[in-house]
2 protein chains.
Amino acid sequence: MTGIFTIGDAARESGVKVPTIRYYEEIGLLPSPPRTEGGRRAYGATDLRRLAFIRHARELGFEIDAIRTLLKLQDEPDQSCAAADAIARDHLAGVERRIASLTALRAELQRMVEGCSHGHVASCRVIEILADHGECAHHQGGRA
Amino acid sequence: MTGIFTIGDAARESGVKVPTIRYYEEIGLLPSPPRTEGGRRAYGATDLRRLAFIRHARELGFEIDAIRTLLKLQDEPDQSCAAADAIARDHLAGVERRIASLTALRAELQRMVEGCSHGHVASCRVIEILADHGECAHHQGGRA
DNA sequence: CTTGCTCCTCTAGTCGCTAGAGGAACTAGG
DNA sequence: CCTAGTTCCTCTAGCGACTAGAGGAGCAAG
């Protein structure tokens with residue numbers, strides 16, 4: 001209604017926690033808003049939009065630095081969007097790598113828990129596989 | 001051959017970097033080995049096995065705390081392996097959650113980059129989707 | 001006017017390492 | 001025996017992206 005929001009309002013609106021908003025300001029991702037007489041942050045609708053953008057990008061797993069670039073791009077609508085496209089493509093490639101690696105990992109973990117005979121540790125498949133890398137299909141997998 | 005290894009040997013054998021081995025010692029994951037006269041760490045075959053176990057578990061994405069528990073279990077072979085099983089199952093569930101979330105994410109990113117018309121930022125699908133959460137299928141997805 | 005909420009700043013902690021400084025001790029060659 | 005190069009030692013600080021908590025001030029309702 002007013003177009004003026006406290007940090008708490010902003011947090012509720014955007015789903016970003018209050019300390020995180022302050023953190024974003026500190027690292028220069030969100031501009032420092034004007035303050036009220038009492039020294040409190042007074043956000044406007046633009047800030048809320050920016051915050052929603054950040055939140056959504058974070059949800060999609062973009063790193064802060066990538067978001068910084070995307071925000072700069074957003075502020076200059078006449079530029080070619082090749083840069084934004086490249087960032088998204090890059091990120092997509094990373095996500096695909098992680099899915100591949102996690103899928104291999106899942107297979108291995110399934111083998112582990114399925115092989116577990118629920119007896120003693122001495123004959124536990126879980127412990128065994130962990131102890132003996134040779135037994136396992138997971139050679140040279142990347143970090144998940 | 002000797003059964004005595006320097007930290008460098010241990011690093012080469014296990015694939016765990018030297019500072020990381022020292023770190024594992026510091027946090028009590030790997031026991032402090034005896035030292036040579038010159039004050040250098042002297043590892044035995046048991047330590048190398050433990051280190052390989054740790055490395056493999058880390059590769060599989062287990063957290064340090066989980067590994068700590070698994071190692072304790074490994075040291076007591078008469079215990080039931082229910083605990084180890086539970087840890088592995090838990091971890092598997094987590095991995096499955098991450099795969100699901102990343103798969104949703106991939107779909108969204110694909111939509112993004114496929115929709116990009118390679119024109120100006122003003123009409124860029126990437127920027128648009130990020131700015132407007134409503135346009136996107138990714139509601140309430142967990143962190144990847 | 002007091003209660004209780006929100007806000008402020010600041011520091012320190014999380015996880016799992018990684019990087020670098022500054023120095024001591026081994027190893028190989030001359 | 002000396003030297004050069006490598007490996008080792010300890011220690012502190014940094015990464016990313018927050019999160020937690022202390023200690024205090026403002027502000028709105030009863």
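Any value given below was found using the heavy atoms of this structure, including those in side chains, with hydrogens, waters and symmetry copies removed. A note on names: the letters A, B, ... follow the listed sequences, proteins ahead of strands, and every chain is numbered from 1. Small disclaimer: the values here were computed from a predicted structure and weren't measured.
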**OP:** Would you confirm whether Asp132(B), through its side chain, and Ile129(B), through its main-chain N or O, come within 3.5 Å as a donor-acceptor pair?
**Re:**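 Checked: no pair found.
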Original post:
Within the side chain of Arg49(B), is there an N or O that forms a donor-acceptor pair under 3.5 Å with the backbone of Phe53(B)?
Top reply: no
Original post:
DNA chain D: Thr20(A) or Gly38(A), which has the more 5' nearest nucleotide?
Top reply: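 It is Thr20(A), whose closest nucleotide lies nearer the 5' terminus.
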**OP:** Find which nucleotide of DNA chain D each of Val18(B) and Pro19(A) is nearest to by heavy atoms, and output the residue with the more 5' nucleotide.
**Re:**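 Closest to the 5' end, via its nearest nucleotide, is Val18(B).
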Does [X] reach a base, just sugar-phosphate, or nothing at all? Heavy atoms under 4.0 Å.
X: Ile7(A); result: sugar-phosphate
X: Arg41(B); result: sugar-phosphate
X: Thr6(A); result: sugar-phosphate

Can you check the [X] [atom1] to [N] [atom2] distance for me, whole Å?
X: Asp65(A); N: dA17(D); atom1: CG; atom2: P; result: 7 Å
X: Asp9(A); N: dT6(C); atom1: CG; atom2: P; result: 11 Å
X: Ile27(A); N: dC15(D); atom1: CD1; atom2: P; result: 12 Å
X: Lys17(B); N: dT18(C); atom1: NZ; atom2: C1'; result: 7 Å
X: Leu29(B); N: dG16(C); atom1: CG; atom2: C1'; result: 11 Å
X: Glu26(B); N: dA13(D); atom1: CD; atom2: P; result: 14 Å
X: Arg12(B); N: dT7(D); atom1: CZ; atom2: C1'; result: 9 Å
X: Phe62(B); N: dC15(C); atom1: CZ; atom2: P; result: 18 Å

Original post:
Does Arg22(B) get its side chain close enough to the base of dT10(D), under 3.5 Å, for a donor-acceptor pair?
Top reply: no
Original post:
If you take atom types as modelled and just measure distance, does the side chain of Arg40(B) reach the base of dA25(C) with a donor-acceptor pair under 3.5 Å?
Top reply: yes
Subject >> Arg35(A) side-chain N/O to dT9(C) phosphate OP1/OP2 under 4.0 Å >> reply: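 For dT9(C), OP1 or OP2 has a side-chain N or O of Arg35(A) closer than 4.0 Å.
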Original post:
Phosphate oxygens OP1/OP2 of dG16(D): is one of them under 4.0 Å from a side-chain N or O of Tyr23(A)?
Top reply: no
Subject >> Within 6.0 angstrom of Glu63(A) CD, more than 12 heavy atoms from elsewhere >> reply: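 No - once you tally the heavy atoms of other residues, nucleotides and ligands closer than 6.0 Å, there are 12 at most.
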Original post:
Salt-bridged, Asp75(B) to Lys72(B), with N to O below 4.0 Å?
Top reply: no
Original post:
Looking at Arg55(A) and Glu59(A), does any basic side-chain N land under 4.0 Å from a carboxylate oxygen?
Top reply: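 Yes, this pair counts.
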